[in-house]
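Just so it is clear, the structure is predicted and the values come from calculations on it, not from any experiment. Numbered from 1 within each chain, the chains take letters A, B, ... in sequence-line order.
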Number of protein chains: 2
Amino acid sequence: MRRPRLAPDGAAAGASGAPSRATIHDIAREAGVSTATVSRVFNQPEKVSARTRDRVEAVIARHHYVSDALARGLASRRSRTLGLVIPTIMNSIYASSTQAIQQAAQEVGYTVLIGISEFSADEEALLIHRLLERRVQGLILTGRERRPDLYEKIRHNRTPFVITWRQSREAALPSISFDNYRAAQAAVAHLIALGHRRIGLICGRSDVNDRALDRRRAFEDSLQAAGLTPDPSLIFERSFEFVDGRAAMHTMLARPERPTAVFCANDIQAIGAMYECQEAGVAVPRDMSIVGFDDLPIARYVTPQLTTIRVPAGEMGARAARALIDAIEAGEEVAPCALVTDLVVRGTTAPPARA
Amino acid sequence: MRRPRLAPDGAAAGASGAPSRATIHDIAREAGVSTATVSRVFNQPEKVSARTRDRVEAVIARHHYVSDALARGLASRRSRTLGLVIPTIMNSIYASSTQAIQQAAQEVGYTVLIGISEFSADEEALLIHRLLERRVQGLILTGRERRPDLYEKIRHNRTPFVITWRQSREAALPSISFDNYRAAQAAVAHLIALGHRRIGLICGRSDVNDRALDRRRAFEDSLQAAGLTPDPSLIFERSFEFVDGRAAMHTMLARPERPTAVFCANDIQAIGAMYECQEAGVAVPRDMSIVGFDDLPIARYVTPQLTTIRVPAGEMGARAARALIDAIEAGEEVAPCALVTDLVVRGTTAPPARA
DNA sequence: AAGCATCTTGCAAACGATTACACAAATCTG
DNA sequence: CAGATTTGTGTAATCGTTTGCAAGATGCTT
């Protein structure tokens, strides 16, 4: 033994300085059994006689023994861990899918390691690397735009994964998600059906966020399909924040020909836009219709209540986690699944006022 | 070798079925060096000659080799990992401290493992156990009310920790936080100074949340000290949600003698209360003063802007992480530190209307 | 009482890294 | 150019578990 941790006589750490953390050997020795038996007390208690089990458990409790998940994972080649990468924690919509994922994982004894990428691709690549190092048994990713060698790395490391929040219609990658394009289509179609002809868009940055891109494309395509021309001066790409929605609406209201309706690709922006209208004395929905996206709880609490797209964040998270775990245990890839979004018509949309 | 992973001749896994994930041995063999050298390429690259390093790095890249953090942590007895336990991810105030903690940790090469307790003590105990199993080198906890044997377990496992969000004035445990009691005192003092005599409280559940308890106590004590008697029918303990604030205000407005001011121990509740006033035609601040707590971004965006207590969530998180890491590397306990909160007077408070 | 399952338990080899220590080769000194 | 450093690399023990196999103990049949 080159770096002895215990006294030379091999006795348990006694009064000689700070006792090291107890290991399975310490427990085994003190209970008078082998380490195999201690291990079985944890993993297959039914295989250990009640007498022995009690004895071992007493020693465990006495020492506040906490087994080493690193050694356990190494020896068993099972970490019972999932990796999750989300762009931010500050938006409650990601918070609710995260919550659901954790819960679903926990129910079957898995732990979730959360990585926050702050919308940076480099950061995300680093996080994925770190999660693979930790030998997560599966990965839950957000969105789809990433360098192909990242997927290659994940596959090389034999780690199943599932993509959430963005189901592309040409789905080549396993995803449990909904169709952002179609969801946004429904919102815009609603406004067009009400009779709006001049419609603005407040949206996320489509260059860093592929969900924002889907929503923007759906907006433009829907207008085109209805014979309307999207006016670039009524399209605002900003962060998904209250202030950004408010500022964008401020600019729109100052336009000589203001829109009669605005589609916001996010509820927070929509509520910011509503505030700006209220401040400016523009009545919602009489003078301005607003549609949001996400159906956050707060959408029901503002006056008037916000018309929006309900996205099944919690259900999506729970399903993704369960599907991933099934895939892990079956040794297969995740079977894709598309969830449906609903348009929830509330109080912020109405036909345009007769000019 | 009992469970051989490679062909009997010890050759690299060839065309025989699915190749296993590459290990440091595979890399070493293929680069014609020892595993020690491969390890050094990662950990002390300056000790490896440029020629060898290039050769090894090429093999690493070719195989998409990802080293095993479990084995690494086991061998080196350093996981470079911090554990964080928060009650919920759904409240943006915890989100911002979490964000700050992650960032501070990442700057010095640490990773943060996040556990969400959902305000359950049992869940929290389990999470702490799991984090200790993963051999986190330090723990960041939220609040203070927990069974003493939990702290004993943490200490037994030689893991330094720091408590955030709740600094008790009798601080026996290392905390980096602010004084909830004093912060709430400032809010109530402000209302009293304005001339309010009949003041309501909307607060979190003080039985499950010790921050809520501090704030409630400060409220009651401050009234007493000013010669006022707290009216139990004007004290509401609810969840920290919009609806709860709104409902509580609804009940208060229905009282024959309604309060002229309300202190909400949380901005979300405060904004819910404001909405209810608006709905009921009660002018804020003329007929009702409202003070919040947290200074969420949204506090500035509502009309009128919310008077509230600013808590330094981000700063607190960053400091806690840094102090914890310092303590880890020095092998000491965390030195406690108290941050200051400010009362931010905005538009929702004014002297009571002359009756 | 012998034969045979069934329970319990222990032995010891992995798992995939890190890192003292040793030692050979390259470089520097005077 | 011999001796002293420095530099680069390899050997092998170790970290704390799990788990296949073997073997002893126990109980049940005849």
Let me test you: for the helix from C:dA1-D:dT30 to C:dG30-D:dC1, what is the angle between the axes at its two ends (five pairs each), rounded to 10 degrees?
30°
Closest to the side chain of A:A36, out of C:dA20, C:dA17, D:dT19, is D:dT19
Between B:Q106 and A:E123, is there a side-chain donor-acceptor contact under 3.5 Å, judged purely by atom types and distance?
yes
With a 4.0 Å cutoff (strictly under), does any side-chain N or O of A:R78 reach OP1 or OP2 of D:dT17?
no
Between the main-chain N or O of B:L141 and the side-chain N or O of B:T164, is there a donor-acceptor pair closer than 3.5 Å?
yes
Whole Å only: how far is the CD1 atom of A:I27 from the P atom of D:dT17?
9 Å
Does B:N43 make a side-chain N or O approach to OP1 or OP2 of C:dT18 shorter than 4.0 Å?
yes
Using a distance-only criterion (donor-acceptor N/O pair, under 3.5 Å, no hydrogens), is the base of D:dG16 paired with the side chain of B:R77?
no
Separation of C:dA17 P from B:F42 CZ (nearest whole Å)
9 Å
Can you see if the side chain of B:Y65 gets near the phosphate of C:dA17 - specifically, an N or O under 4.0 Å from OP1 or OP2?
yes
Counterpart residues, ring-ring contact (aromatic ring centres under 6.0 Å, His included), relative to A:F119 (two or more places apart):
none
Assign each of B:K47 and B:L74 the nucleotide of DNA chain D bearing its closest heavy atom; nearer the 5' end lies the nucleotide of B:K47
Go through the side-chain N and O atoms of A:S49 and A:T52 and say whether any donor and acceptor fall under 3.5 Å apart.
yes
It should be established whether A:T37 places a side-chain nitrogen or oxygen under 4.0 Å from OP1 or OP2 of nucleotide C:dG10.
yes
Please figure out whether A:T35 or A:A50 has its closest DNA chain C nucleotide nearer the 5' end.
A:A50
With a non-hydrogen cut-off below 4.0 angstrom, is A:R53 in contact with a base, only sugar-phosphate, or nothing?
nothing
Under 4.0 angstrom, heavy atoms only, what part of the nucleic acid is B:V33 near: base, sugar-phosphate, or nothing?
sugar-phosphate
Whole angstroms only, please: what is the CG-C1' distance between B:L70 and D:dC15?
12 Å
Is the shortest side-chain N/O distance from B:S34 to OP1 or OP2 of D:dG10 below 4.0 Å?
yes
Set of side chain to side chain contact (heavy atoms under 4.5 Å, CB included) partners for B:S39, sequence neighbours left out:
B:I24, B:N43
Which of C:dT18, C:dT9, D:dT17 is nearest the side chain of A:T52? It is C:dT9
Below the 4.0 Å mark, does D:dT7 have OP1 or OP2 next to a side-chain nitrogen or oxygen of B:S49?
no
Taking only N and O in the side chain of A:R21, is any of them less than 4.0 Å away from OP1 or OP2 of D:dC15?
no
